[in-house]
Amino acid sequence: MTSKEMEARSGVPRANIRYYEAEGLLAPARSGNGYRDYSEEDLRTLEKIKLLRRLGVTIEELRALRDGKADLGAVLDRRLAEVGGEQAALGRVERVCGDLRQAGTTFAGLDPGKYLADLDAPALPGEGGPWWDKASAPALPETDRLPAVHSAFRRFFARMFDEFLVWMILVVGLCLLGYNPTQAGLALNLAGVVLLGVLEPLSLRLWGTTPGKALLGMRLTGADGKNLPYSEGVTRYIMMLGWGLGFYIPIFSLVMIIRSAWRCWKEEPQPWDDGVAYIAKPFRPRYAAALLLAAVLVLTAAEAVSSACQLPPNKGDLTVAEFAENYNRQASYLGFGGRTYLDEAGRWQEKPEDSSQITISLDELMDVNPWDDARVFHYTVEDGHVTAVTMSGTFQNATTTWVDTPDSYVPQVVVALAWGREEASFWSWSRQAQMRELEEADWERGFTLHQPGVVITAEVEQTGFYYYAGIGWQPMEEENYLSFTYTVALDNG
């Protein structure tokens with residue numbers, strides 16, 4: 001029979017059954033797939049254990065009875081004597097407590113000598129009465145089960161921290177290898193699930209805990225008190241993914257999480273904790289503080305690495321070739337590169353076309369006026385170093401549907417020219433604020449922005465056009481005119 005059937009027929013919770021197995025009192029057979037297969041004899045043995053444990057027979061005595069090293073009558077005689085002694089002791093406590101209460105003394109005036117002597121006096125014949133007068137039927141001892149953690153919050157936040165830590169490790173690794181983690185998307189999440197499936201069982205095997213569990217005062221062992229074997233840790237992790245997180249499948253995952261929380265609420269063991277001793281120290285506020293502090297430190301470290309990796313390779317004053325190298329690297333890392341790149345002279349070049357892909361240009365889709373000349377970078381060079389990059393162009397009496405200006409290239413020039421300056425902020429969130437300021441600028445009428453170490457200007461003159469943000473300029477009249485000059489200049493003042 002299965003574990004569930006054994007539990008139902010015996011009335012013994014599964015956690016207790018696992019405990020008796022760990023103590024060697026039960027040894028069920030295993031089926032071909034590794035599951036326990038209990039026999040009728042196992043059921044009878046369990047019922048014997050249930051009866052004798054409720055009568056107060058110790059685990060050691062049960063083991064001796066099973067091995068034929070003890071006689072049941074002798075064991076019961078010992079227990080009867082023990083119960084009689086317990087009742088006699090309780091009777092004496094009741095009598096001495098009554099005498100002390102009747103005396104009406106205070107704590108300050110209490111003379112304990114007489115009363116201690118009464119408590120420690122030899123037992124009188126027949127003291128306590130027959131042992132069965134106040135007999136009770138206690139339940140199975142609480143110690144007869146593997147410990148479990150039923151705090152849904154502690155378990156949830158421990159796992160969340162472990163997942164967060166692994167995800168940060170992957171982010172840092174990708175950054176150091178030169179890959180932008182924001183472009184990894186789903187692959188990064190899948191890699192996190194797989195990596196945690198490798199590291200969590202290893203951590204349980206070596207230390208009996210994981211970083212999240214350790215910070216919240218929890219650890220895991222097998223039923224024998226030893227750290228979980230690696231294979232069992234992997235099995236536990238896979239079961240947790242399915243029974244606890246629903247393999248991250250939308251809706252189904254939420255249902256499984258709620259069911260897991262409900263099992264915690266009812267103090268039922270989780271399916272993936274079968275045969276596992278899950279131990280938790282009493283909760284202390286310092287555990288939550290430690291978890292929060294650790295999360296902040298990990299996030300700060302990961303953000304520092306990510307911020308450093310977003311900086312261009314060449315810093316300070318740049319030659320044209322160094323600016324081109326910065327631009328090409330930033331285009332690749334930050335994801336704004338296309339089929340063009342800058343050569344050492346700062347001129348646009350086409351990347352070799354992949355014959356396996358069909359490329360349709362924007363001009364073919366939108367009938368856009370050619371604007372290659374408009375996006376050419378014009379460099380202002382002083383003492384061999386680039387001090388400004390300019391793009392300019394003029395369209396007159398345009399008949400096309402749209403006219404596109406290279407305003408999107410301005411932020412790209414900033415990240416190549418200005419992010420390596422001493423004035424540039426190290427942290428990425430500050431630099432991203434610069435980009436948002438550019439996005440919100442008035443590209444239709446022109447503007448001048450002063451940012452750390454750089455001045456950005458957009459000079460626009462137009463008639464007969466309407467500007468659509470993020471799309472371009474649409475001619476509204478047959479006679480139209482559009483002239484623009486975009487400049488990114490270093491600000492040394």
Side-chain angles (χ1 to χ4, degrees), residues 320 323-324 327-328 330-331 334-343 345-351 353 358-381 386-418 432-451 454-491:
V320 172
F323 169 81
Y327 185 92
N328 294 332
Q330 297 295 76
L334 299 177
F336 57 76
R339 291 186 54 228
T340 57
Y341 67 96
L342 293 177
D343 61 16
R347 294 187 298 264
W348 292 109
Q349 301 293 337
E350 290 279 340
K351 294 179 181 178
E353 187 172 353
I358 300 176
T359 303
I360 301 177
S361 70
L362 190 64
D363 292 349
E364 295 173 1
L365 287 177
M366 301 181 65
D367 190 27
V368 180
N369 237 4
W371 57 288
D372 286 343
D373 292 340
R375 69 187 180 102
V376 171
F377 290 165
H378 301 279
Y379 303 97
T380 301
V381 179
V386 177
T387 59
V389 179
T390 303
M391 290 169 285
S392 62
T394 300
F395 297 88
Q396 188 168 4
N397 297 330
T399 59
T400 56
T401 306
W402 294 97
V403 170
D404 196 3
T405 54
D407 44 296
S408 62
Y409 282 67
V410 174
Q412 300 170 13
V413 173
V414 172
V415 303
L417 182 65
Q432 294 305 319
Q434 288 181 280
M435 297 297 101
R436 287 193 295 271
E437 187 178 18
L438 273 174
E439 290 177 1
E440 297 168 359
D442 191 350
W443 292 92
E444 182 177 6
R445 297 178 178 83
F447 59 87
T448 298
L449 289 180
H450 291 267
Q451 294 185 342
V454 66
V455 178
I456 305 163
T457 59
E459 300 174 2
V460 179
E461 182 181 352
Q462 64 88 16
T463 58
F465 277 93
Y466 185 82
Y467 180 73
Y468 289 87
I471 299 177
W473 298 83
Q474 184 179 24
M476 304 299 291
E477 300 174 6
E478 291 185 3
E479 294 186 5
N480 52 66
Y481 176 80
L482 171 63
S483 176
F484 66 89
T485 301
Y486 302 144
T487 303
V488 179
L490 297 181
D491 183 7

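Quick note: numbers below take in every heavy atom, side chains included, and nothing from hydrogens, waters or symmetry partners.
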Item to complete: Heavy atoms only: give me the nearest A324-L342 pair and the separation to one decimal.
Response: CB-CB, 3.8 Å
Item to complete: Determine the minimum heavy-atom distance between T401 and P475, stating which atoms define it.
Response: O-CD, 3.4 Å
Discussion item. Rounded to the nearest 0.5 Å, what separates atom OG1 in T485 from atom CD in E461?
Written reply: 10.0 Å
Practice prompt. Write down the atom of S483, the atom of T394, and the distance for their closest heavy-atom approach.
Written response: OG-OG1, 3.7 Å
Fill in: Heavy-atom pair with the smallest gap, counting every atom of A441 and L449
CB-CD1, 4.4 Å
Fill in: Minimal non-hydrogen separation, V381 against V320, with atom names
CG2-CG2, 4.0 Å
Worksheet entry | Pairing residues for F323 by the ring pair (Phe, Tyr, Trp, His ring centres under 6.0 Å) criterion, not counting sequence neighbours | Y379
Worksheet entry | Heavy-atom neighbours of E478 CD exceed 12 at 6.0 Å | no
Fill in: N397 side chain vs N480 backbone, donor-acceptor pair below 3.5 Å
yes
Worksheet item: Out of V389, V413, D407, which one pairs with Y486 under the side chain to side chain contact (heavy atoms under 4.5 Å, CB included) rule?
Response: D407
Discussion item. Using a 6.0 Å cut-off, check whether atom OH of Y466 has over 12 heavy atoms from anything other than its own residue.
Written reply: no
Fill in: F395 and T400, any side-chain heavy atoms less than 4.5 Å apart
no
Worksheet item: Heavy-atom distance under 4.5 Å between the side chains of F484 and W443, does that happen here?
Response: no
Discussion item. Assess, by modelled atom type and distance only, whether the side chains of Y327 and Q412 contain a donor and an acceptor separated by less than 3.5 Å.
Written reply: yes
Fill in: Spacing of I456 atom CD1 and T487 atom OG1 [to the nearest 0.5 Å]
10.5 Å
Worksheet item: Would you call W348 and F377 a side-chain contact if the rule is heavy atoms closer than 4.5 Å?
Response: yes
Worksheet entry | Close side-chain approach of W473 to V460, heavy-atom, < 4.5 Å | yes
Practice prompt. State the OG1-CD distance between T448 and E459, to the nearest 0.5 angstrom.
Written response: 7.5 Å
Item to complete: Output, in order, the C-alpha distance, side-chain angles, deciding distance and verdict of side chain to side chain contact (heavy atoms under 4.5 Å, CB included) for V410 and M391.
Response: CA-CA 9 Å; V410 174; M391 290 169 285; 3.9 Å; yes
Discussion item. Using the ring pair (Phe, Tyr, Trp, His ring centres under 6.0 Å) criterion, which residues pair with Y341? Sequence neighbours excluded.
Written reply: none
Fill in: CA sep, side-chain torsions, deciding dist, call: F465, Y467, ring-ring contact (aromatic ring centres under 6.0 Å, His included)
CA-CA 7 Å; F465 277 93; Y467 180 73; over 10 Å; no
Practice prompt. Keeping the roles fixed (side chain from Q434, backbone from Q451), state whether a donor-acceptor pair exists under 3.5 Å.
Written response: no
Discussion item. If you compare all heavy atoms of V403 against all heavy atoms of A398, which two are closest, and at what distance to 0.1 Å?
Written reply: CG2-CB, 3.9 Å
Practice prompt. Could you walk me through whether T340 and R375 pass side chain to side chain contact (heavy atoms under 4.5 Å, CB included), step by step?
Written response: CA-CA 12 Å; T340 57; R375 69 187 180 102; 3.8 Å; yes
Worksheet item: Between atom CD of E439 and atom CD of E437, what is the distance when rounded to the nearest 0.5 Å?
Response: 11.0 Å
Response to the item:
When rounded to the nearest 0.5 Å, the distance separating CD of Q474 from CG of D404 is 13.0 Å
